[in-house]
Amino acid sequence: MENNLIPGMPAPNAEGIQPAAQPNHDAPAAAPFTSRTDLSHLARHADAIRQELGKVIVGQQALAELLLTAILADGHVLLEGVPGVAKTLTAKLLSRTLEVPFSRLQFTPDLMPSDVLGTSVFRPNKAEFEFRPGPIFASVVLIDEINRAPAKTQSALFEVMEERQVTQDGTRYTVPEPFMVLATQNPIEQEGTYRLPEAQLDRFLFKLNVGYPTVEEEIAILQGHHTGFGGTPLEAVRAVLTATDLKGLREQVRRQHVEPKLLEYIARVVGQTRAHKGLYLGASPRASLALLNGAKALAALRGRDFVTPEDIQYLAAPVLRHRIQLTPEREMEGHTADDIVKQILQQIEVPR
Amino acid sequence: MLALAAPPVAAQRPRNAAATYTLPPDQTTPVKLRQPAPERLRAFRQQREFQYVEVKSEQSSWELLWRHFWQWVSDLLETRPGKLVWEYGIYAGLVAALVFVVLKLMQVDITRAFGRSPRPGALAYDVQAEDIHGQDFDALLAAAEAESNYRLAVRLGYLHVLKQLADQNLIRWQPDKTNHDYLFELPAGPLPEAFQELTRQFDYVWYGELDDITPTHYAQARATRLAFQQLLHSGRRAA
């Protein structure tokens, strides 16, 4: 039997049930099982963004939550889906909810790196070259159809996506803070697309699959368009989060608690991708960091100041699916990256 | 016309056909025969590269033993029972090879069949599952409470509840499942709500790293657990 006489604790009643705790002046005033960090500010902003997106986007709550997670985790997002599932619209709407400089790039097969990054032009009046920043110098950069440009142009994004800077003629130019790339792409099986280089895929925090809506959602989409949004869909959405606010929220996310065993759990999950027989390429340590930062942001969005294994499991597929490559045998058997991630999660014990 | 155009046969002989000439032997230069120096010749003959006759070395005792052994095997196989063994041995070997290939294709770890420990994986850390059924939770809880290690006590209490749920077949215990997976497995009724609160408290204490948990806070967590256990017990009695 359990010892019911615990030092400092009220004695249980005859049924073994502990009576309600008596007021203890030594105990902290806050409720014992609530967040130690005030996340109400974050929750308010997250709700406001959800609400703005919900004015136009029907359904896709999970997508909206993951996009918010990426914003808070300071990561880039790759949206993949067949044409017509509102990938670009979602990205545009999300950027509109943020009160930060925005630019859009339509990737085409003839796009050059200088069209993205900028170029040095000669000023005859000054008799010197001057750097003209490209569209990448914005806080939210929407790259539409990213996999329609060849590898040469894709490579131009490597430095800016990871180091938040562009080096031209030996000079470093820093992009504004916050900086986020929202890219859309069609599945690689589609006509006129290129597979993105692994190094670039690794720089995306999440790859989110945008699927078809349900019948009910599609009816709601039709109704929305039939009655109109009171203008164009973009006009219906307003900015609700400033750069300063976002900086503060990100700082709050960085301070989230992570139990040491959960760090080990993340390392195990990612490490297993490198040992799995069905995988030709495993995930990098950058994937571990992405999983950690993503889990911290998701936990904050869900009102907790600490990460749980659910957060990690929930984000495992969005973080890992674009970073791993299946062996040809597994691909021929019809397996997907998500299947392998699921198998890996089933192989590893949840710390508790 | 054609006959007139054809050249005479003599004209077809190759114009550059040269006459054959032979040189007379040179009688003027005397032939001088050169012999190698005997010491040099002897030195060459002693070199291993110029020993063209191979001298068979005598067999060692080990080689002799093997030779006798194979001779014995050969004699044995020549006998009637030996021939039978040889014949069926080939079939047995073929069957064993086939089974091995099938097991390999099915990715079955056959090392377990011989009582050996499974092959170590590629990971350098322990992935052994925690055995909740092999723990004496009452004793562990009492020890944690006595040491005022309330965080550990909350964890042990929660694991104890999971064990009880698994024992009553209300959940299917699997190490890869999360607490919320178990919550969704619980049948409809008062249990899910109570378990949700218990899980919430465990999450805050364990994953939220509440190290400074006071006796009063622990009393609250303990009361929630005991209430749940009582609910579980009454549910079993009713069933």
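Keep in mind it's a predicted model, so treat the numbers as computed, not measured. Naming: A, B, ... by sequence-line order, numbering from 1 per chain.
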Revision key, fill the gap. Most contact-rich option vs chain A, by heavy-atom pairs under 4.5 angstrom, among B:Val205, B:Leu162, B:Asn179, is B:Asn179

Review point. Sequence neighbours excluded, which residues qualify as salt bridge (Lys or Arg N to Asp or Glu O under 4.0 Å) partners of A:Asp47?
Key: A:Arg50

Check your understanding: Hey, which residues of residues 308-324 of chain A are touching chain B, say heavy atoms under 4.5 Å apart?
Key -> A:Thr308, A:Pro309, A:Glu310, A:Gln313

Check your understanding: So which part of B:Ala221 gets closer than 4.5 Å to some heavy atom of chain A, the side chain, the backbone, both or neither?
Key -> both

Exercise for review: Under 4.5 Å, counting heavy-atom pairs only, tell me which of A:Gln256, A:His276, A:Gln346 racks up the most with chain B.
Suggested key: A:Gln346

Report, one line per pair, each donor and acceptor closer than 3.5 Å where one atom sits in a side chain of residues 190-197 of chain B; sequence neighbours left out.
{"from": "B:Glu197", "atom 1": "OE1", "to": "B:Arg200", "atom 2": "NE", "distance (Å)": "3.1"}
{"from": "B:Glu197", "atom 1": "OE2", "to": "B:Arg200", "atom 2": "NH2", "distance (Å)": "3.3"}
{"from": "B:Glu197", "atom 1": "OE2", "to": "B:Gln201", "atom 2": "NE2", "distance (Å)": "3.1"}

Review point. For B:Tyr158, which of B:Tyr207, B:Phe202, B:Tyr204, B:Phe228 qualifies under ring-ring contact (aromatic ring centres under 6.0 Å, His included)?
Key: B:Phe202

Exercise for review: Please state whether the side chain, the backbone, both or neither of A:Leu262 comes within less than 4.5 Å of a heavy atom of chain B.
Suggested key: side chain

Practice item. Just do the side-chain hydrogen bond (donor to acceptor under 3.5 Å, both in side chains) check on B:Glu147 and B:Asn149 with the steps written out, would you? Key: CA-CA 5 Å; B:Glu147 290 169 14; B:Asn149 190 347; 4.8 Å; no

Point to revise | Distance in Å, A:Gln325 CD paired with A:Glu331 CD, rounded so as to fall on 0.5 Å steps | key: 8.0 Å

Review point. Sequence neighbours excluded, which residues qualify as side-chain contact (heavy atoms from CB on, under 4.5 Å) partners of B:Ser60?
Key: B:Trp62, B:Glu63

Check your understanding: So, do A:Phe306 and A:His257 have ring centers that fall under 6.0 Å from each other?
Key -> no

Review point. Any salt bridge between A:Glu264 and A:Arg268, counting N to O under 4.0 Å?
Key: yes

